[in-house]
Amino acid sequence: LLDAFRRPDFDVAAFVRDATGQGADRIAKLSKQLEDCATTLDQDLQREIVACHEELLQNAGSITDLDRQIGGIREVVDGLKASIGRVKGDVLTPFKGVKRRVVLLERMQAVNVLTRKLSRFLFDARKLRGQMEAPSKDFAKAAQTLQELEVVLQEGGLERIDILKAEVAWIRDAGVRIRKQAADDLRTGMKQGNQVSLSVALQVFFNLQCLWPQLKRALREMLDEFSQTALPAGAAFQQALEVNMQVLVMQTQRVHLLDEMVRSRTDPLTQRSFSSVLQAEGVSSLTSHFWGEATGSLKAKLTRAASDRGFRRTLVSESECPKILRTLAEAVDKVNLGTRAQGQVLRAAEREALIAAAGDLRNEFITESLKRVQDPVELMLPNKLLDKIAASREHRLGGTGAASAGDSSLTDELPTSHDLKKYVQVLVAELERCEACPDLLLKEAVRGVRSSLLLFAGRLEQVVDSSCVELRCFEDETRLKLRSPMPSPTAGHARNARLFGIAHHVLTALKDAMPTRFQAAIATQQVQSSLHQTQAAIISPMVSMIKRTILEATMRMERLLEGRTENGAPALLAVSQVCTHVGSRYFALFGQGQLFPYTKDLCIFLVRMFLSGAALVKPADGSADAVRQALMKDMQAIEGALSALDVDFQTRVR
């Protein structure tokens with residue numbers, strides 16, 4: 001402050017104007033500072049004078065001039081004090097008056113607000129009392145009035161008025177009664193399906209601004225009831241599960257009715273929908289919310305029941321798990337069919353949530369189901385047998401080429417027709433077991449059965465002895481020179497014929513023993529092709545060799561009369577001998593009727609090729625009778641070949 005006074009450009013008027021513009025508190029503080037500064041200045045001046053007394057006396061030309069200067073300073077200080085005093089009188093005094101009036105006005109406004117609040121409170125209290133004491137109580141309107149009163153009470157102030165304490169107590173008691181009545185109406189309306197009670201209860205809770213808490217409380221009560229429904233492990237498990245599902249279905253139907261009421265209701269006063277309250281809490285549907293909580297509770301029950309390893313094995317057994325899943329699926333259907341809603345109450349997501357409660361049991365059952373249909377394959381064609389056959393084949397190819405003593409015993413270890421029938425019966429039994437749950441188990445069972453059949457076909461193909469599929473009946477096939485002696489079947493040929501029959505029996509069993517409803521899903525093109533591929537790997541090389549022989553022989557029929565013997569054309573005789581040898585020695589190893597498609601095709605090929613060759617024969621002049629006789633002789637050879645290939649040829653011809 002003193003530094004401001006000492007500046008050469010100090011302006012008293014500007015200083016006073018600035019000081020008065022900063023408020024009364026600033027003026028009072030500044031006045032105090034000025035007084036302190038004046039006092040300090042006097043003291044400093046006195047000390048300076050005392051300290052420089054001798055020097056002043058020596059330098060002072062006149063005491064009168066010094067006294068005059070000091071007097072001028074006193075006049076300036078006195079003027080400054082007078083200005084500050086006038087500021088106090090002109091500013092602080094009116095300010096104090098204004099401040100006092102503002103406080104008075106504030107108190108008057110508070111009294112006015114309190115009076116209005118009290119007036120409104122008393123009016124609403126009388127209104128609420130009239131609504132509560134009316135013969136036919138309108139709890140929805142009473143709830144609206146109660147909400148307004150509770151808002152006033154929450155603001156505070158009225159409870160301190162002694163004369164209103166009794167009225168406040170009655171209002172709070174009325175609030176308890178209204179809420180209790182609405183809760184009872186909500187509970188009763190849900191149990192009895194009374195839409196009037198539900199509508200009143202929902203309107204009361206909406207007016208009291210506690211709709212979602214009350215709905216959540218109602219859902220929690222039902223969830224507690226469902227949680228308390230016992231699901232013990234043991235013999236009574238299935239019956240207890242059905243009871244649990246009945247409770248869940250009944251409660252879900254009640255919640256759906258409540259959900260529909262909430263969706264359809266709108267407050268007539270504010271035009272706000274009740275569902276908007278739920279949406280603000282992140283709940284799109286009461287039914288979905290309840291279903292999610294209930295399925296979580298059911299999963300916890302199933303987990304507790306399956307915690308015992310012994311009982312868990314029972315649950316995952318052949319019959320229990322399908323029953324459990326069927327019960328769960330039927331519960332969803334009962335909810336959808338038991339309500340008056342036009343669309344589905346529970347959609348795919350809710351259905352999957354319920355099934356997921358038993359997801360662990362379902363996955364274990366599917367694993368066991370796959371094991372049940374694949375174990376027979378492991379027993380009929382075990383890895384040990386495959387290794388033995390592979391070792392025997394390597395020994396025969398890398399050694400002397402003779403069949404080992406164990407080849408016949410290995411063939412005996414192959415599955416019999418009885419084993420194959422039992423295998424197909426196991427597959428059918430598994431499908432029928434899972435048929436109770438088409439969407440949950442049957443699809444997986446069908447995949448498992450197909451996988452088992454493909455595994456069987458794959459292992460069957462591994463057992464085929466590829467070294468015994470080619471027949472070498474000719475020393476030179478192009479010249480149709482037969483070997484002497486003709487080759488005889490080995491143990492590998494016998495095993496291949498046995499494998500061909502196994503594939504044939506499996507296909508026949510799938511056609512005869514598999515129920516018609518499963519045929520299309522099980523005997524697929526892939527499964528049939530895999531089994532036919534195994535058969536083709538065994539029989540096709542033999543058939544191809546015979547066809548090549550027939551083709552080579554019939555191509556020589558253009559020179560029909562050249563090189564003939566008494567018995568006929570050498571090439572066709574070779575064909576007849578090969579067919580007779582293969583039919584009697586090799587085809588005889590196969591079961592009756594198993595080769596019919598192949599022999600039929602081979603016979604047709606032989607007849608067509610012979611007729612084609614005979615049609616191309618052009619007899620020379622005068623040789624027509626000889627050609628005719630030769631063809632008659634060759635037809636006997638062809639007939640012999642056909643009879644050798646098809647034992648029933650004569651019967652079929654006649």
Side-chain angles (χ1 to χ4, degrees), residues 102-189 196-221 258 261-283 286 289:
V102 170
V103 172
L104 181 60
L105 182 60
E106 183 179 1
R107 292 176 181 176
M108 291 175 63
Q109 180 64 21
V111 172
N112 184 33
V113 172
L114 182 59
T115 303
R116 290 176 179 272
K117 185 186 298 184
L118 179 60
S119 176
R120 182 63 183 176
F121 177 81
L122 294 175
F123 174 79
D124 289 340
R126 288 193 299 271
K127 183 178 177 182
L128 178 62
R129 191 178 290 275
Q131 292 169 342
M132 294 298 294
E133 294 176 357
S136 57
K137 298 179 176 61
D138 190 343
F139 286 101
K141 293 182 179 180
Q144 183 65 37
T145 306
L146 177 64
Q147 171 63 17
E148 295 175 0
L149 290 170
E150 289 181 343
V151 170
V152 174
L153 291 176
Q154 288 177 359
E155 294 175 357
L158 295 182
E159 294 182 350
R160 297 195 300 268
I161 302 176
D162 295 337
I163 196 173
L164 295 179
K165 288 183 178 180
E167 194 71 14
V168 171
W170 180 86
I171 291 172
R172 296 193 184 281
D173 180 66
V176 173
R177 283 183 288 150
I178 291 174
R179 287 180 170 85
K180 184 177 182 302
Q181 182 63 42
D184 293 341
D185 289 343
L186 181 64
R187 196 176 298 108
T188 303
V196 175
S197 299
L198 287 176
S199 178
V200 173
L202 292 175
Q203 187 65 56
V204 168
F205 291 136
F206 182 85
N207 290 341
L208 292 175
Q209 298 182 5
C210 60
L211 179 60
W212 170 240
Q214 291 296 333
L215 292 176
K216 186 164 60 173
R217 179 181 177 184
L219 296 181
R220 176 49 55 190
E221 290 177 357
L258 179 62
M261 291 293 297
V262 171
R263 291 175 182 272
S264 62
R265 291 286 298 172
T266 301
D267 181 48
L269 183 61
T270 61
Q271 294 300 310
R272 183 186 178 194
S273 63
F274 288 7
S275 59
S276 63
V277 177
L278 274 63
Q279 292 172 0
E281 298 292 337
V283 179
L286 281 179
H289 178 78

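When a residue number appears, it is its place in the shown sequence, counting from 1. This is a predicted model, so every value here is computed, not measured. All values below come from the heavy atoms of this structure, side chains included, with hydrogens, waters and symmetry mates left out.
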Would you give the length of the straight line joining atom [atom1] of [X] to atom [atom2] of [Y], rounded to the nearest 0.5 angstrom?
X: Q147; Y: C210; atom1: CD; atom2: SG; answer: 8.0 Å
X: E167; Y: L153; atom1: CD; atom2: CG; answer: 10.0 Å
X: L146; Y: R172; atom1: CG; atom2: CZ; answer: 10.0 Å
X: L186; Y: E221; atom1: CG; atom2: CD; answer: 8.5 Å
X: M261; Y: Q203; atom1: CE; atom2: CD; answer: 10.5 Å

Once side-chain hydrogen bond (donor to acceptor under 3.5 Å, both in side chains) is applied, do any residues pair with [X], and if so which ones, sequence neighbours excluded?
X: Q214; result: none
X: R126; result: none
X: S199; result: R265
X: Q181; result: D185

Do Q131 and T145 get their side chains close enough for a donor-acceptor pair, meaning under 3.5 Å?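 A pair is found: one side chain offers a donor N or O, the other an acceptor, under 3.5 Å apart.
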Checking side chain to side chain contact (heavy atoms under 4.5 Å, CB included) for the pair L278/L215: CA distance, chi angles, key distance, verdict? CA-CA 9 Å; L278 274 63; L215 292 176; 3.8 Å; yes
Apply side chain to side chain contact (heavy atoms under 4.5 Å, CB included) to residues Q109 and N112 and explain how you reach the verdict. CA-CA 5 Å; Q109 180 64 21; N112 184 33; 4.2 Å; yes
State, with a plain yes or no, whether a side-chain heavy atom of N207 is found less than 4.5 Å away from one of L269.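 Side chain of N207 against side chain of L269, heavy atoms only: no contact under 4.5 Å found.
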Using side-chain heavy atoms (C-beta onward) and a distance below 4.5 Å, is F121 in contact with R116?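 No - every pair of side-chain heavy atoms lies 4.5 Å or more apart.
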The criterion is side chain to side chain contact (heavy atoms under 4.5 Å, CB included); which residues satisfy it with K216, sequence neighbours excluded?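 K216 satisfies side chain to side chain contact (heavy atoms under 4.5 Å, CB included) with W212 only.
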Tell me, please, which residues at least two apart from T270 pass side chain to side chain contact (heavy atoms under 4.5 Å, CB included).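 In terms of side chain to side chain contact (heavy atoms under 4.5 Å, CB included), with neighbours along the sequence ignored, T270 is linked to F206, D267, R272.
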What pairs with F205 under ring-ring contact (aromatic ring centres under 6.0 Å, His included), at least two apart in sequence or on another chain?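 F205 satisfies ring-ring contact (aromatic ring centres under 6.0 Å, His included) with no other residue.
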Please identify each residue that fulfils ring-ring contact (aromatic ring centres under 6.0 Å, His included) with F139, with sequence neighbours left out. none
Which pair of heavy atoms, one from S197 and one from G189, lies closest together, and at what distance? CB-CA, 4.2 Å
Restricting to non-hydrogen atoms, name the atom on V204 and the atom on A182 that form the minimum distance, rounded to 0.1 Å.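 For V204 and A182, the tightest heavy-atom pair comes out as CG1-CB, 3.6 Å.
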With sequence neighbours excluded, tell me which residues meet salt bridge (Lys or Arg N to Asp or Glu O under 4.0 Å) with [X].
X: E133; result: R129
X: E150; result: R179
X: D124; result: R120
X: D173; result: R177

Is it the case that more than 12 heavy atoms not belonging to Q271 sit under 6.0 Å from its CD atom?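 It does: Q271 CD has more than 12 such atoms within range.
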Decide side chain to side chain contact (heavy atoms under 4.5 Å, CB included) for L128 and I178; before the verdict, give the C-alpha distance in whole Å, the side-chain angles of both, and the deciding distance to 0.1 Å. CA-CA 11 Å; L128 178 62; I178 291 174; 4.3 Å; yes
